[in-house]
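The next block holds one structure in the form of structure tokens; read it before the comments.
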Amino acid sequence: MAKFLVQKSAPLRGEVKISGSKNAVLPIMAAALLTEEKCEIKDVPALRDVEVMCKLLESLGASVEMDLAHNCVQIEAAGEISWEAPFDLVKMMRASILVLGALLIRTGRAIIHLPGGCAIGKRPVELHLKGLRAMGVEIDEAQLNRGIVDAKVEKLSGSTIYLDFPSVGATEVIVMAATLADGVTILENAAQEPEIVDLANVLNKMGARIKGAGTDTIKIEGVESLKGVSHHVIPDRIEAGTFMVGAVMTGGNVLIKNIVADHLKAVIAKLRECGAEIQMTDEGLVVRGDRRPINSTDIKTLPYPGFPTDMQSPFMALLTVAKGPSVVIETVFENRFMHVGEFNRMGANIKTNGNCAIIPGDKTLQGAQVVATDLRAGAAVVLTGLVADGTTEVSQIYHVDRGYENFVEKLRSLGANIMRVEE
Ligand code: EPZ
């Protein structure tokens, strides 16, 4: 298994270009199933999850040309489409559920074996199914009790649906299903993430009639058919946030290119509270931690536009070395403190109680053997490795490869002492 070896590094300096968003490109690739015409997606990040989604779409009968060296994927779902997602692919990526709405539209059927829970939570899909049932979809309850979504429908019809929680995945699945349903669908308490807006923009370019994406109420007027599309994926705001935190906690000065600062208001505000200097320029976002001591602050994760849960562990890395104590409250996932044990192996001395973590700060961390417990936590322990004395050995880095394109190369270009070793 591959590992990262990370040594204490000089402050990060230089510039880094952010890749396309993993969490935008995955639903957009699923949306290609909604048309028989060719869809060309650009600025696609070369990630394991993208490769798995390509394999999944191929296994369903789409033709997929993956040119990740040029960050481009072409998908053409013409002709017969299978309705069963192979479990060996679904278990590699829970985002496979994103094809559910499109499969029902194309074939009137969908069979998707649900992966179990993961490190950060049980990841249920009852809200996805609540929306689809409201649109006339029948879900086999016996199969569901065995962890299999076995759904069928003659014709989807528009409906008014309230999401008990603004679930990103449920919003994306329901919006995709509603684009070609009969009549109008109103989705209330919808997720407002930028990735939802990017998906809606793609669908509208394909001929859908979606209004309100990015707000808590989305209106979708069903149309007869959708056409092919060419689209550039938005930058990955979580990758950007990760490098911003790295720049600040190492006392560096980094230019972040290909970034939509508007998608990072909460992270920018919190970094400024810690004493960072952040300035938007024509070339990108300049992030400096070299001007003032880095103070502590408190974080509470919330659905967008609140502080993003995916930035919780990278930001906690900074708080372990900030001046003074901090409190982090995780409200989105029920078990997203697995990285705390890894930070404590490095001397962070963090205490947790339920969804609340107390970080004392003011620590000089020691390098240690640590584990990437999810893809964001893997990036977070690399960040603490950059400021810890000695060597930090990070294992289970396949998690990181799922969400960060060329992570080692980008960090090394900023002066980080990190290398990937194959065991
Ligand atoms: C998306 O996951 C992202 N993944 C996650 O990013 C991200 O953390 C999450 O949204 C929240 O922003 C992709 O976009 C591929 P949710 P998703 O449905 O759609 C509960 C990363 O690191 N919930 O908004 O699965 C659920 O249990 C990944 O890139 C229900 O209770 O997230 C969780 O506690 C990690 N019932 C909360 O909502 C449901 O039916 C958020 O889940 C659905 C969700």
Side-chain angles (χ1 to χ4, degrees), residues 19-31 45 47-50 52-53 56 90 92-101 114-134 139 144 149 161-176 187 189-199 216 233-234 236-242 263 266-267 301-315 330-339 355 372-380 399-405 407:
S19 300
S21 163
K22 167 178 86 82
N23 293 349
V25 75
L26 294 176
I28 289 169
M29 290 172 73
L47 300 171
R48 206 172 68 90
D49 275 11
V50 169
V52 174
M53 183 58 92
L56 175 61
V90 174
M92 290 167 75
M93 184 184 63
R94 63 184 56 258
S96 306
I97 192 75
L98 293 171
V99 302
L100 177 56
L114 294 177
C118 64
I120 61 178
K122 59 183 187 310
R123 310 298 290 274
V125 294
E126 88 277 353
L127 294 176
H128 308 55
L129 303 183
K130 173 182 179 180
L132 294 173
R133 283 196 190 93
I139 311 284
L144 192 57
V149 170
I161 300 154
Y162 171 78
L163 289 181
D164 305 52
F165 181 89
S167 153
V168 171
T171 301
E172 292 166 341
V173 163
I174 294 165
V175 164
M176 279 191 250
L187 186 55
N189 198 27
Q192 306 178 45
E193 274 72 1
E195 293 77 29
I196 307 278
V197 176
D198 207 30
L199 172 64
D216 64 357
V233 175
I234 55 170
D236 193 311
R237 61 191 167 99
I238 307 300
E239 184 196 12
T242 305
H263 294 166
V267 174
T301 68
L302 287 167
Y304 195 88
F307 189 91
T309 173
D310 292 347
M311 277 301 301
Q312 185 250 106
S313 53
F315 209 98
E330 169 61 53
T331 73
V332 176
F333 284 101
E334 71 268 29
N335 183 33
R336 205 169 192 176
F337 280 155
M338 304 285 277
H339 43 280
N355 70 342
T373 51
D374 76 58
L375 76 98
R376 307 302 172 187
H399 284 295
V400 182
D401 293 337
R402 290 185 49 201
Y404 289 90
E405 182 182 33
F407 193 48

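All residue numbers refer to positions in the sequence shown, counting from 1. Just follow the structure's listing: the first ligand is 1, and inside any ligand the first atom is 1.
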Would you mind telling me if ligand 1 is within reach of the side chain of K130, the backbone, both or neither, using heavy atoms under 4.0 Å? neither
Give me the residue, atom name and distance of the protein heavy atom closest to atom 21 (C) of ligand 1. D310 OD2, 3.5 Å
protein heavy-atom neighbour closest to atom 11 (C) of ligand 1 works out as T309 CG2, 3.9 Å
Keeping the roles fixed (side chain from D236, backbone from K22), state whether a donor-acceptor pair exists under 3.5 Å. yes
Measuring only between side-chain heavy atoms, which start at C-beta, is E195 closer than 4.5 Å to V168? no
Are any of the side-chain nitrogens in R237 or D310 under 4.0 Å away from the carboxylate oxygens of its partner? no
Compare M93, E126, H399 and give the one whose heavy atom is closest to atom 36 (N) of ligand 1. E126
protein heavy-atom neighbour closest to atom 32 (O) of ligand 1 works out as F333 CZ, 4.1 Å
Does an N or O anywhere in A170 fall below 3.5 Å from an N or O of ligand 1? no
Just by modelled atom types, is the S19 backbone N or O under 3.5 Å from a matching donor or acceptor in the E239 side chain? yes
For ligand 1, which part of R336 has a heavy atom less than 4.0 Å away: the side chain, the backbone, both, or neither? side chain
Below the 3.5 angstrom mark, is there an N/O of E172, backbone or side chain, next to an N/O of ligand 1? no
Among V332, N335, T301, I238, closest by heavy atom to atom 37 (C) of ligand 1 is V332
Please confirm whether the backbone N or O of Y162 pairs with a side-chain atom of N189, one donor and one acceptor, at under 3.5 Å? no
For V233 against A24, the heavy-atom pair lying closest together: CG1-CB, 3.8 Å
In terms of relative ring orientation, are Y404 and F407 parallel, tilted or perpendicular, with 30° and 60° separating the classes? tilted
Run the numbers on R402 and L47 for side chain to side chain contact (heavy atoms under 4.5 Å, CB included), then give the verdict. CA-CA 5 Å; R402 290 185 49 201; L47 300 171; over 6 Å; no
Shortest protein contact, atom 19 (O) of ligand 1 (heavy atom only): G169 N, 2.8 Å
Do any nitrogen or oxygen atoms of V168 come within less than 3.5 Å of a nitrogen or oxygen of ligand 1? yes
Taking both backbone and side-chain atoms of L98, is any N or O found less than 3.5 Å from an N or O belonging to ligand 1? no
Contact with ligand 1 for P124, non-hydrogen, under 4.0 angstrom: yes
Just need the protein heavy atom nearest to atom 15 (C) of ligand 1, so name the residue and atom and give the distance. N23 OD1, 3.4 Å
Backbone, side chain, both or neither: what part of V125 comes under 4.0 angstrom of ligand 1, heavy atoms only? backbone
All heavy atoms of H128 vs all of P124, minimum pair found to be CE1-O, 4.1 Å
Please say whether A95 places an N or O atom under 3.5 Å from an N or O atom belonging to ligand 1. no
Could you tell me whether a side-chain N or O of Q312 sits under 3.5 Å from a main-chain N or O of R336, the two making a donor and an acceptor? yes
Quick test: of every protein heavy atom, which one is nearest to atom 17 (P) of ligand 1, and how far off is it to 0.1 Å? R123 NH2, 3.9 Å
